[in-house]
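For clarity, every value in this text was computed on a predicted model and none was experimentally measured. Below, read A as the first sequence line, B as the second, and so on, with proteins coming before strands; counting in each chain starts at 1.
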Protein chains: 2
Amino acid sequence: MATLGELERAVMDLLWERPEAITANELRDLLSQRPAADGRGTDVKSLAVTTVLTVLSRLEKKGLVERERNTRPHRYQAVTSRAEHTAELMLEVLGSAPDREAVLARFIGTVSDGEAETLRKLLGRS
Amino acid sequence: MATLGELERAVMDLLWERPEAITANELRDLLSQRPAADGRGTDVKSLAVTTVLTVLSRLEKKGLVERERNTRPHRYQAVTSRAEHTAELMLEVLGSAPDREAVLARFIGTVSDGEAETLRKLLGRS
DNA sequence: GTAAAACTTCTACAGGACGTAGAAGTGTCG
DNA sequence: CGACACTTCTACGTCCTGTAGAAGTTTTAC
């Protein structure tokens with residue numbers, strides 16, 4: 001339930017960096033500009049709008065995207081920010097562990113120094 | 001690459017709580033004792049050993065499981081602890097975010113008080 | 001106001017991951 | 001060597017994702 005496909009991901013990334021809702025057509029254009037995920041090759045593959053719409057519908061069903069149904073070309077936007085979504089994902093992963101503290105310990109051990117500092121600040125003093 | 005199926009998950013859970021490597025047959029027995037994931041019904045469904053073996057092979061290919069090939073009934077064990085694995089997953093999720101600090105902020109905000117305390121201890125004083 | 005254009009919804013299919021397991025091959029023990 | 005245990009191969013149904021044409025609906029342009 002957590003994982004997104006490559007295209008779904010690309011769509012969400014675009015929606016996340018936009019404050020305003022956008023249409024499927026706009027999305028399709030943005031998607032075709034983005035360089036192919038696999039790097040090499042300016043593979044400007046243009047998707048069919050229906051493809052984008054299908055993906056958007058699926059994302060809507062998953063609760064990640066919201067659409068304005070009143071305006072005619074429907075406009076789509078992300079329901080939560082990327083940060084929120086990512087944090088939720090992390091919690092989901094963590095949640096399924098019976099040994100949460102051990103997990104957190106490992107986690108902390110791998111985070112960069114700068115981030116550790118950030119965490120310290122965020123946690124403040126009890 | 002991160003997500004495990006339900007059965008794969010069940011197998012890993014068993015391997016994780018066992019310090020010693022065990023055989024596919026033992027695993028199958030343990031699996032049949034476990035109550036159906038969906039709760040209701042003491043659904044003691046017995047799997048074929050080949051099913052368990054297939055799953056183990058897939059987990060091996062994914063690098064989560066290791067098998068002793070020299071002993072005759074091969075014995076399987078988890079490569080990393082559950083805590084390690086979970087922490088890696090969390091990092092994987094976090095890693096794909098361009099706004100790591102924002103994610104961490106949300107994350108911290110949702111963790112329980114007790115865990116926040118633990119985190120504080122783990123981070124220590126810089 | 002009607003036909004064309006734009007837009008949305010429905011239906012579909014291929015490919016990959018996973019649950020599931022029989023068939024076939026190989027090693028083991030008596 | 002033959003029966004049995006164990007492993008590997010092959011296979012299939014299902015679900016998810018990428019992809020999009022066909023069909024239906026709404027808006028627009030004359």
Side-chain angles (χ1 to χ4, degrees), chain A residues 1-15 21-32 34-38 43-77 89 92 96, chain B residues 1-15 21-32 34-38 43-77 89 92 96:
Chain A
M1 209 225 233
T3 329
L4 296 180
E6 192 177 336
L7 180 54
E8 291 178 326
R9 183 84 209 169
V11 167
M12 286 312 297
D13 277 340
L14 286 170
L15 291 180
I22 62 180
T23 70
N25 269 300
E26 290 168 332
L27 260 173
R28 190 217 32 196
D29 293 342
L30 292 168
L31 283 169
S32 62
R34 132 209 93 141
D38 66 4
D43 181 272
V44 182
K45 73 154 30 180
S46 219
L47 297 173
V49 181
T50 50
T51 299
V52 178
L53 283 167
T54 301
V55 169
L56 284 168
S57 291
R58 289 176 183 164
L59 288 171
E60 190 187 22
K61 193 180 315 178
K62 292 184 189 179
L64 295 180
V65 160
E66 208 170 46
R67 85 169 85 185
E68 295 168 14
R69 281 202 138 84
N70 24 324
T71 71
R72 214 0 64 168
H74 294 178
R75 293 183 164 276
Y76 301 78
Q77 68 190 320
L89 264 193
E92 195 182 312
S96 65
Chain B
M1 208 226 237
T3 330
L4 296 180
E6 193 177 335
L7 180 52
E8 292 178 324
R9 183 84 208 168
V11 167
M12 286 311 298
D13 277 340
L14 286 171
L15 291 180
I22 62 180
T23 69
N25 269 301
E26 289 168 333
L27 261 173
R28 188 217 34 195
D29 293 343
L30 292 168
L31 283 169
S32 64
R34 131 208 93 139
D38 67 4
D43 179 272
V44 183
K45 72 155 31 181
S46 219
L47 297 173
V49 183
T50 51
T51 299
V52 178
L53 283 166
T54 300
V55 169
L56 284 168
S57 291
R58 288 175 183 164
L59 289 171
E60 190 186 22
K61 194 180 315 177
K62 292 185 190 178
L64 294 181
V65 159
E66 210 170 44
R67 85 168 85 185
E68 295 167 13
R69 282 201 138 85
N70 25 324
T71 71
R72 210 6 56 174
H74 293 179
R75 290 181 166 276
Y76 301 77
Q77 68 191 319
L89 265 193
E92 195 181 311
S96 66

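- Protein atom CD of B/Glu6 is 14 Å distant from nucleotide atom C1' of D/dT14, rounded to whole Å.
- Atom-to-atom, CZ of B/Arg9 to C1' of C/dG19 comes out at 17 Å; the value is rounded to the nearest Å.
- In this structure, B/Val11 and B/Val65 have side chains that are not in contact, with every pair of non-hydrogen atoms separated by 4.5 Å or more.
- A/Leu15 is not listed as a side-chain neighbour of A/Leu64, based on a closest heavy-atom distance of 4.5 Å or more.
- Atoms CG (B/Leu59) and P (C/dG19) sit 9 Å apart, rounded to a whole Å.
- Contact annotation: A/Lys61 does not reach the phosphate of D/dT17 (side-chain N/O to OP1 or OP2, under 4.0 Å).
- We find that CG of A/Leu27 is positioned 15 Å from C1' of C/dC7, with the value rounded to whole Å.
- With rounding to whole Å, B/Leu7 atom CG is found 15 Å from D/dT14 atom C1'.
- Contact record, B/Val52 with B/Arg28: CG2-CB, 3.9 Å, taken as the closest heavy-atom pair.
- Listed by chain and number, the residues in a salt bridge (Lys or Arg N to Asp or Glu O under 4.0 Å) with A/Arg75 are A/Glu26 (sequence neighbours excluded).
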Nucleotides 5-11 of chain D: which of its N/O atoms have a protein N/O under 3.5 Å away?
{"from": "D/dC6", "atom 1": "OP2", "to": "B/Asn25", "atom 2": "ND2", "distance (Å)": "3.4"}
{"from": "D/dT7", "atom 1": "OP1", "to": "B/Arg72", "atom 2": "O", "distance (Å)": "3.4"}
{"from": "D/dT7", "atom 1": "OP1", "to": "B/His74", "atom 2": "N", "distance (Å)": "2.7"}
{"from": "D/dT8", "atom 1": "OP2", "to": "B/Arg67", "atom 2": "NH1", "distance (Å)": "2.8"}

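- Proximity of a side-chain donor or acceptor of A/Glu92 to a complementary backbone N or O of A/Leu89 within less than 3.5 Å is not detected.
- When all heavy atoms of B/Lys62 and B/Thr3 are compared, the pair lying nearest together is NZ-O, 4.0 Å.
- Remark: B/Leu53 pairs with B/Ala24, B/Val49, B/Tyr76 by the side chain to side chain contact (heavy atoms under 4.5 Å, CB included) rule, at least two apart or across chains.
- Rounded to an integer number of Å, the gap from CD of A/Glu26 to P of C/dA6 is 15 Å.
- Within the 4.5 Å cutoff, the side chain of A/Leu47 has heavy atoms near those of the A/Leu7 side chain.
- Partners of B/Arg67 under the salt bridge (Lys or Arg N to Asp or Glu O under 4.0 Å) rule, at least two apart in sequence or in another chain, are B/Glu60.
- Axis orientation changes by 0° from one end of the helix from C/dG1-D/dC30 to C/dG30-D/dC1 to the other, with each end axis drawn from 5 pairs and the value rounded to 10°.
- C/dC7 atom C1' lies 15 Å from atom CD of A/Glu68, rounded to whole Å.
- Ranking D/dT17, D/dA20, C/dA21 by closeness to the B/Ala48 side chain, first place goes to C/dA21.
- Summarising the geometry, the separation between NZ on B/Lys62 and C1' on C/dG19 is reported as 12 Å, rounded to the nearest angstrom.
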